[in-house]
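Accompanying notes for the structure given below.
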Amino acid sequence: MNWADLNLVPVMPEIFLISALSVILLLDLFISDAKRGITYGLSLLTLAGTAALQVYTFEPYAQYTLSNMFVADPLASLVKLAMYGATAMILVYSRQYAADRDMFKGEFFTLALFALFGMNVMVSASHFLSLYMGLELLSLSLYALIALQRDSVPATEAAMKYFVLGALASGLLLYGMSMVYGATGTLEIAAIAKSIHGGSANQLLLVFGLVFLVAGLAFKLGAVPFHMWIPDVYQGSPTAITLMIGAAPKLAAFVFIFRILVQGLDGLTGDWQSMLAIMAVLSMAIGNITAIAQTNLKRMLAYSTISHMGFLLLGLLAGNEQGYSSALFYAVTYVLTTLASFGVIMALSRAGFECDKLEDLKGLNSRNSWYAALMLLTMFSLAGIPPLVGFYAKFAVIKAIVDIGLVKLAVFAVAMSLIGAFYYLRVVKHMYFDEVQDTSPIVVRGDMQLVLSLNALALLVLGVLPERLIEICVEAMKQSLTVL
Amino acid sequence: MFTNLLSLVIWTPIVAGLLVLTTGGDQRAPLARWLALAGSLAGFLVSLPLYTGFNDLNGGMQFEEMRPWIQALNINYHLGVDGISMLFIVLNSFTTLMVVLAGWEVIEKRVAQYMAAFLIMSGLINGSFASLDAMLFYVFFEAMLIPMYLIIGVWGGPRRVYASVKFFLYTLLGSLLMLVAFIYMYFHAGKTFEILAFHDMKIALSVQMLLFVAFFLSFAVKVPMWPVHTWLPDAHVEAPTGGSMVLAAITLKLGAYGFLRFALPILPDASRELAWVMVALSLVAVVYIGLVALVQSDMKKLVAYSSISHMGFVTLGMFMFLGTNMNQWAVEGALVQMVSHGFVSAAMFFCIGVMYDRLHSRNIADYGGVANKMPIFAAFMMLFGMANSGLPATSGFVGEFMVILGAVQVNFWYAALAATTLIFGAAYTLWMYKRVIFGDIGNSHVAEMKDVNKREFLVLAILAITVLGMGLYPQAFVSKMHLSVNDLIAHVAQSKL
């Protein structure tokens, strides 16, 4: 390592995060269960501090450091800020939920922050080794988080499934990376791109490695045919943890794919485009159609995730700046929507009762019209109905693929979102059209009420005024692509 | 004074709707009602300057507003109306006022949500008519589905869930394809969503055909044309009275308006090529659906089918090409028919609602001899029934007469088939009227029916005046649309290959 030009400024947020995390880890040992609120507060403070540093160290161009293992570019900064926000919201949403289920422990917070740190590393990696390190840190934290409720059979089962399949996917990914290394002689993403463009790399070996890489990435994203873990894990995990798996990691996985496929294997675009196209089509079809048959709300949302990842892949496979920025916008808004949907589920759950079946929403409008309205916004946003933000996400992606001439694929995508609309409508139907069954009062902490309301209303506000967020995504993508 | 008039017309009802929502639960229902009335009245009043301030000598867009909205996607907040769309905005604002009055004490549960849904929808509909940017149009057009879905689903009849989901998915299917068409045209027109720019671009015939299919699916579902009409009877039957009024009076017109604003001027060659299909489907709607209406035992279903049949007249008039030219008589007749049907269908559904509130049945067989108990009501319904059958001196006559007149110029048999509606229309409307209103008192429930109250009288009287007024002096709005229609015809006459 060359110590002379070691620039630690771009890594400041990560350094702060891991230091604060270590402090919390130690401090928590001396905190009794009754005072766990301190750990909670410290975790939120850590997130705020990290976010502040992120903004403070922001530069509108890419900075490489740590022997080119780490890159801080606008894309990474934007995604990281979104992840801090998402994690903070999850902590707020799950406070009561976790306390009711005996999960309000130090591990809950430290593991969540470790997962976040792993995602940060993933997002900022410019080297296969750091990419993989970040991914494993994230995955291991998540495995442990799922199994946090150690006496819960479904949770343990979900953790085992996720672990076994996740290890397999990591293996595939490593295998692919090693082949790319064999072909290009380097693990550094920029150098790989240069080597492929130079034409000296063994094309056969590269494409072979690409297949493994794409398979591993698809698993992490949850795209068909590597999606089978998603429904089981979403359903089996406690809702707070489902949200941790379903929200920020999708953003990290998106950047992860972007770094490998777009920044590293840019020269093989034609090859991975067709693979992504097949996975996108299958994800949208299987995700949407299977979701119709679900009676479990969490499982339904899991299949809905799969279909949304199909849409995300559509944006990526457009293979141009417009496509990438539309996929980034899709990922950001999807995470925001997911947070709101699971947030409402957690708000409706209480000690000893899990609001995870569709019937549990029956008559919500007469029980509490505010939460019904929030869920309504969320569902129509997922269905892509204007004026909610989900519409612009779908619109931008479709526009990107029509631009490269794939009109048939666009028609297929809208046909699938029509099918998707059906099950989102069913949720609304349960909340608004059906008679109420469960009349127990809904008690939600004040801070959660506020954050959750802002979260869901943001879907509407961003839907009426999406300009700024779209611009930010386009700008971030532009900067990240000029590096190439 | 008129700089932001269209924005005002769009946002007044929406803001009023949000205000009504804040009144909360049903314990404050009276407040919600009065607030809704004030909001809809304000919405109607601000729409009036559109009519009075409209320059008849200008066929182009008036009251234009242009602001960048989403620059990253090249979408503008571009509003404007011509003589065609202006009339529908006024009609819509008027209907909303009627709907609020119609639902006054009839709706007992979730009053605030009911009123708010209608007000918000009214604003969105105004927005669709006033949009000159395709994406802005699309956003309004689609957003409308949300309140309508809730209106049918929450306050509807026994099979409301089925009807609401069917309504939503049917309309969504069409509009999603239209979205792809818009995006395609965006690139074709040089990266702009301006509707007027779409009007000027050249497109190959094969592409025009495909785009026409996309538009057709979107607008034909909305009109609705045979054979994609099946959602309408379900939605109408299950929707509350107000929902049926808005659905029949306004949202159906939006489909026909879509043909005039998008399909015909953007794709004139494909429209000419496929005009025979449109004419055939329209004639099927006029004749076959007219016959279907004849055998209905449910009053609401009968009027719903009669709506489809009348809308067949509208699409017939629009696609009545004489060589390469659209037929002036037929097009203006179609527009008159649209406006007239807006009033007449709203009135018919309101009449059925009045009876339903008393007897809780829509079955013709459950009535009989209503005239004995409700003479005032019977007189009003007589007038609307006559208008629905197209009797001269009512608004229903003018439009149908003009379309038939246009059709004779093109093909005698078209006109002959279309004219059968005068027979069928009279048959199903008057036969229903006879069975429900005349005769001896059918049963003890009918014997207990009370005549209309002041609120109902007010609504009926206003509607009756407009229906008669339009029949006697159609010039009041034909003069507004005349130049815009001329421009449209001149535009469509030019090939865009």
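These numbers come from a predicted model, not from an experiment. Heavy-atom basis, side chains included; hydrogens, waters and symmetry copies ignored. Here is the naming used below: chain letters follow the sequence lines, and residue numbers restart at 1 for every chain.
Among residues 402-416 of chain A, the residues having any heavy atom closer than 4.5 Å to a heavy atom of chain B are, in sequence order, A:Val402, A:Asp403, A:Val407, A:Ala410, A:Val411, A:Val414. At a heavy-atom separation below 4.5 angstrom, chain A is approached by B:Met135, B:Tyr138, B:Val139 within residues 127-139 of chain B. Taking non-hydrogen atoms and a 4.5 Å limit, the residue list of residues 146-153 of chain B in contact with chain A, ordered by number, reads B:Ile146, B:Tyr149, B:Leu150, B:Gly153. Contacts between residues 181-189 of chain B and chain A, defined by a heavy-atom separation under 4.5 Å, are made by B:Ile183, B:Tyr184, B:Tyr186, B:Phe187.
Across all their heavy atoms, A:Glu467 and B:Gln71 have their closest contact at OE1-N, 2.8 Å. Across every non-hydrogen atom of A:Ile385 and B:Glu142, the tightest pair is CG2-O, 4.0 Å. Across all non-hydrogen atoms, the minimal contact from A:Glu471 to B:Ala72 is CG-CB, 4.4 Å.
For B:Ser164, the part lying near chain A is the side chain, with the backbone staying farther off; criterion is any non-hydrogen pair under 4.5 Å. Neither the backbone nor the side chain of B:Leu124 has a heavy atom closer than 4.5 Å to any heavy atom of chain A. With a 4.5 Å cut-off on non-hydrogen atoms, B:Leu179 touches chain A through its side chain but not through its backbone. The parts of B:Trp69 that come within reach of chain A are both its backbone and its side chain, each placing non-hydrogen atoms under 4.5 angstrom from that chain. Within the 4.5 angstrom heavy-atom criterion, no atom of A:Ile419 approaches chain B.
In terms of non-hydrogen atom pairs under 4.5 Å with chain B, the most contact-rich of A:Phe391, A:Tyr432, A:Phe395, A:Trp370 is A:Phe395. Contact tally against chain A (heavy-atom pairs below 4.5 Å) for B:Leu177, B:Leu169, B:Ile75: the top residue is B:Leu169.
Using a 4.5 Å cut-off on side-chain heavy atoms (C-beta onward), A:Lys399 and B:Leu73 make contact.
Between the side chain of B:Arg160 and the backbone N or O of A:Phe433 there is at least one donor-acceptor pair closer than 3.5 Å.
Note that CG of A:Leu418 and OH of B:Tyr170 are 11.5 Å apart. Values are rounded to the nearest 0.5 Å. Interatomic distance, A:Ser369 OG to B:Leu21 CG, rounded to the nearest 0.5 Å: 8.5 Å.
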